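Being a predicted model, the structure only gives us computed values, none of them experimental. In what follows, every chain begins at residue 1, and chains take the letters A, B, ... in the order their sequences are listed.
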Amino acid sequence: MSSANQPVQGMSDIAVPEVRLWQRIERLAREVLARYGFEELRTPVVEFESVFTRSLGETTDVVQKEMYVFEKGGRRLCLRPEGTAGVMRHAAGLGAAETDGARWYYIGPMFRSERPQAGRKRQFHQCGVECMEPPSPLVDAEILALQVDLLRAWGLEDCEVRLNTRGEGGGHAKVAEGLRAALAPRQAELCEDCRRRISENVLRVLDCKNEACQAIVATLPPPTDFMSEASRTYLAQVASHLDLLGVKYRVDPLLVRGLDYYEHTVWEIASMALGAQNAVAGGGRYRMQLGGRELAGVGFAIGLERVVGVLQALGLDAKMMELPPPLVWLVGLGGDAMKQNLALMQQLRAAGLACRMAPDGSMKSQMRAANKSGAAWAIIRGDDELARGVVALKDMVSGAQETLPLDRLVTHLAGKLAPKL
RNA sequence: GUGGAUAUAGCUCAACUCGGUAGAGCACCUGAUUGUGGUUCAGGUUGUUGCGGGUUCAAAUCCCGUUAUCCACCCCA
């Protein structure tokens with residue numbers, strides 16, 4: 001309870017039983033991702049600060065106030081606040097032959113120094129993908145479908161997909177100018193935050209929660225009006241591919257994604273089961289300059305804390321937890337039996353069985369420990385069994401107990417185990 | 001970064017308003033069976049009341065600070 005044994009603010013231990021849910025989530029993710037031809041890429045948690053400042057955008061909140069930055073050996077380093085930039089940094093070091101058509105996924109911790117809240121940790125975990133195939137509405141739709149598929153595999157059914165376009169990368173300034181011009185006459189009516197946003201990040205005015213701002217936004221021409229014809233066509237094609245794939249979505253012209261590297265398709269997936277931080281996942285197409293190379297791809301990230309939050313809110317968490325293998329507990333009476341059990345335990349483990357024993361204690365307390373551990377069987381040996389070369393094997397669920405020769409123990413247990421697998 | 005709430009046994013919480021050296025349930029340990037758990041019964045252990053300071057004869061209780069947690073803003077996954 002004292003502060004000495006608490007983790008750093010906004011960071012938490014993931015322990016039994018919750019960690020079993022995380023294990024299942026990760027295992028299911030790897031299975032689904034493999035079906036789409038993705039392979040894992042493990043990039044370092046620590047990167048040069050410039051990897052993110054250049055790609056996410058100097059003015060984004062993530063870069064300006066949320067990164068954990070530190071200096072080491074005269075270099076500006078940071079803990080990664082997201083996954084895409086690191087993957088692209090990896091790609092920038094490869095030749096085009098290796099990156100063209102690459103499909104990578106990652107699962108791991110990210111760090112943002114925000115005020116902790118429901119569904120918002122300073123160390124949080126994302127599962128994401130990056131697909132470097134040539135830009136195409138078809139690929140964008142496939143990747144979005146993959147994300148929905150993943151969420152469904154985890155049991156998240158009640159999610160809403162909102163789809164939008166940011167338009168071609170070259171047209172961003174034009175969109176911003178258009179919006180600023182349209183907002184200028186109404187500026188005085190906007191909330192304090194939005195007046196600031198007009199100059200800093202005008203797109204953010206679109207998704208302001210303030211009612212007065214929303215009323216003004218409703219009168220604006222949609223941002224797509226300021227985009228190229230090609231941009232609008234691209235979005236329409238993504239939408240039609242999604243229809244073909246049976247993915248439900250809602251086109252939301254007001255959907256905004258914060259990071260600068262996005263262009264064309266962007267989307268966000270929210271769950272009604274969560275509170276204010278209800279965005280479970282987001283994604284989109286992007287383009288960035290890194291290491292002298294221009295890199296383009298489409299990808300997404302899913303916030304695993306939020307996935308866990310939804311599963312807990314829906315009451316699905318207990319069912320989904322990864323179960324440890326059936327356990328055999330060795331109970332020994334007397335020093336000789338304890339030593340013999342220690343040796344036997346290693347033999348059983350070598351044969352593939354999960355085993356534990358208590359180092360001492362009365363038979364009663366050893367049995368209690370076996371019960372508490374959830375052991376499927378107890379192997380009981382005292383002087384009598386040692387002398388006869390047998391063990392007593394007790395089924396902890398039924399309570400039935402049998403005596404069998406030591407040399408038949410492994411095959412006997414393996415036979416009992418088989419139907420359970 | 002801003003605002004509100006909270007912090008008491010391993011867990012969930014009571015006692016705080018009206019200061020008098022902390023209590024329940026669950027959990028845990030021992031025994032009822034000198035070699036048998038999970039049910040039952042009997043008995044038992046558990047806390048520097050988040051941390052630091054102040055007021056007071058006396059502070060879990062009142063005051064200040066601090067740290068953390070929760071909720072919302074902001075931002076995002």
Side-chain angles (χ1 to χ4, degrees), chain A residues 1-12 56 59-67 81-84 107-128 147 151 159 191-194 196-197 200-201 204 207-210 255-259 267-271 274-284 299-310 329 331-334 337 358 361-386 392-401:
Chain A
M1 273 311 198
S2 76
S3 58
N5 48 29
Q6 281 181 342
V8 171
Q9 180 180 34
M11 317 215 170
S12 43
L56 310 198
T59 62
T60 57
D61 277 22
V62 172
V63 165
Q64 279 197 334
K65 36 190 180 185
E66 295 172 5
M67 288 217 291
E82 59 101 61
T84 301
I107 301 177
M110 308 292 165
F111 302 84
R112 293 184 199 174
S113 182
E114 302 174 274
R115 187 79 164 261
Q117 194 184 321
R120 195 165 81 178
K121 292 279 183 192
R122 289 184 168 184
Q123 173 173 338
F124 61 105
H125 299 78
Q126 288 188 333
C127 169
Q147 195 175 24
L151 294 172
C159 290
C191 73
E192 196 183 327
D193 283 331
C194 281
R196 172 179 54 81
R197 287 173 179 133
E200 287 179 10
N201 191 353
R204 279 281 164 219
D207 66 351
C208 180
K209 288 174 186 169
N210 185 301
L255 172 70
V256 178
R257 305 258 322 141
L259 308 179
W267 66 84
E268 206 163 286
I269 304 181
S271 167
L274 296 179
Q277 309 298 321
N278 68 346
V280 170
F300 65 66
I302 304 176
L304 297 182
E305 274 77 5
R306 297 193 184 171
V307 169
V308 167
V310 173
W329 196 280
V331 174
L333 301 154
S362 66
M363 178 166 192
K364 199 182 190 72
S365 67
Q366 289 185 60
M367 286 301 292
R368 253 204 284 265
N371 184 64
K372 191 180 159 195
S373 76
W377 299 283
I379 288 173
I380 302 162
R381 288 208 290 185
D383 293 339
D384 185 33
E385 284 83 1
L386 281 181
L393 178 67
K394 178 163 185 164
D395 183 313
M396 292 298 283
V397 177
S398 68
Q401 187 166 324

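Whole-Å rounding puts the A:Asn210 CG to B:A72 P distance at 18 Å. The CZ-C1' distance, from A:Arg196 to B:G1, rounds to 11 Å in whole Å. With rounding to whole Å, A:Arg368 atom CZ is found 12 Å from B:U33 atom C1'. If you measure from atom CG of A:Asp193 to atom P of B:A72, you get 18 Å, rounded to the nearest angstrom. The CG atom of A:Asn278 sits 13 Å away from the C1' atom of B:C75 (whole-angstrom rounding). Separating the CD1 atom of A:Ile380 from the C1' atom of B:G37 is a distance of 9 Å, rounded to the nearest angstrom. Regarding A:Phe124, its CZ atom lies at a distance of 16 Å from the P atom of B:C75, rounded to whole Å. Rounded to an integer number of Å, the gap from CZ of A:Arg381 to P of B:U36 is 19 Å.
Rounded to the nearest 0.5 angstrom, A:Gln366 CD and A:Leu333 CG are separated by 6.5 Å. The line from CD of A:Gln9 to CZ of A:Arg115 is 7.0 Å long, rounded to the nearest 0.5 Å. To the nearest 0.5 Å, atoms NZ (A:Lys209) and SG (A:Cys191) are separated by 12.0 Å. Taking CD from A:Glu82 and CE from A:Met67, the interatomic distance works out to 9.5 Å, rounded to the nearest 0.5 Å. Remark: A:Gln123 CD to A:Ser12 OG distance equals 8.0 Å, nearest 0.5 Å. Taking CZ from A:Arg257 and OG1 from A:Thr60, the interatomic distance works out to 12.5 Å, rounded to the nearest 0.5 Å.
Picking from B:A77, B:C75, B:C73 the nucleotide with the shortest atom distance to the side chain of A:Asp61 gives B:C75. Each of B:C70, B:C74, B:G1 was ranked by its minimum atom distance to the side chain of A:Arg197; first place goes to B:C74. The A:Gln9 side chain lies nearest to B:A68 when the options are B:A68, B:G37, B:A77. The nucleotide whose nearest atom lies closest to any side-chain atom of A:Met363 is, among B:U36, B:A77, B:U2, B:U36.
At a threshold of 4.0 angstrom between heavy atoms, the contacts of A:Lys394 include nucleobase atoms, whether or not backbone atoms are also involved. Residue A:Glu385 is in base contact, counting any heavy-atom pair closer than 4.0 Å across all strands shown. Note on A:Gly128: nothing from the nucleic acid sits closer than 4.0 angstrom, heavy atoms only. Residue A:Ala118 is in sugar-phosphate contact alone, with no base atom involved, counting any heavy-atom pair closer than 4.0 Å across all strands shown. Within 4.0 Å of A:Gly309, counting heavy atoms only, lies no atom of the nucleic acid at all.
Under 3.5 Å, the side chain of A:Glu66 and the base of B:G1 form no donor-acceptor pair of N or O atoms. One N or O donor and one acceptor, one from the side chain of A:Arg120 and one from the base of B:C75, sit under 3.5 Å apart. At a cut-off of 3.5 angstrom, counting only N and O atoms as typed in the model, there is a donor on one side and an acceptor on the other between the side-chain of A:Gln401 and the base of B:U36. In terms of polar N and O atoms assigned as donor or acceptor, the side chain of A:Asn371 never comes within less than 3.5 Å of the base of B:G38 in a complementary pairing. Side chain A:Lys364 to base B:U36: no donor-acceptor pair is found below 3.5 Å. Evaluation of atom-type donor-acceptor distances gives no pair under 3.5 Å for the side chain of A:Gln147 against the base of B:A77.
Distances shown here put a side-chain N or O of A:Gln117 below 4.0 Å from the OP1 or OP2 atom of B:A72. OP1 or OP2 of B:C73 has at least one side-chain nitrogen or oxygen of A:Lys209 nearer than 4.0 Å.
Under the Watson-Crick and G-U wobble criteria, each requiring two contacts below 3.5 Å, nucleotide B:G38 is left unpaired. The partner of B:U55 is absent, by the rule that a Watson-Crick or G-U pair needs both atom distances under 3.5 Å. With a cut-off of 3.5 Å on both pairing distances, the Watson-Crick or G-U wobble partner of B:U66 is B:G50. Across all strands shown, B:U61 remains unpaired; no Watson-Crick or G-U wobble contact has both distances below 3.5 Å. Pairing for B:A72 goes to B:U2, judged as Watson-Crick or G-U wobble with the two contacts each under 3.5 Å. Pair assignment for B:C13: B:G23, on the basis of Watson-Crick or G-U wobble contacts that are both within less than 3.5 Å.
For B:U8 and B:U12, the C1' atoms lie 12 Å apart once the distance is rounded to whole Å. Distance check on atom C1': B:A15 versus B:U21 gives 14 Å, rounded to whole Å. With both ends at atom C1', the span from B:G23 to B:A68 equals 26 Å, rounded to whole Å. For the P atoms, the distance from B:G43 to B:C26 is 14 Å, rounded to whole Å. For the C1' atoms, the distance linking B:U66 with B:U40 amounts to 50 Å, nearest Å. Rounded to whole Å, the separation between the P atoms of B:A7 and B:G44 comes to 31 Å. With P as the reference atom, B:C18 and B:G1 are 36 Å apart, rounded to whole Å. Only the P atoms considered, B:U49 is 12 Å distant from B:A59, to the nearest whole Å.
Counting heavy-atom neighbours within 6.0 Å of A:Asp384 CG, excluding the residue itself, gives a total above 12.
Nearest-nucleotide positions on RNA chain B place A:Lys372 closer to the 5' end than the other of A:Lys372 and A:Cys208.
At least one donor-acceptor pair under 3.5 Å links the side chain of A:Glu305 to the backbone N or O of A:His125.
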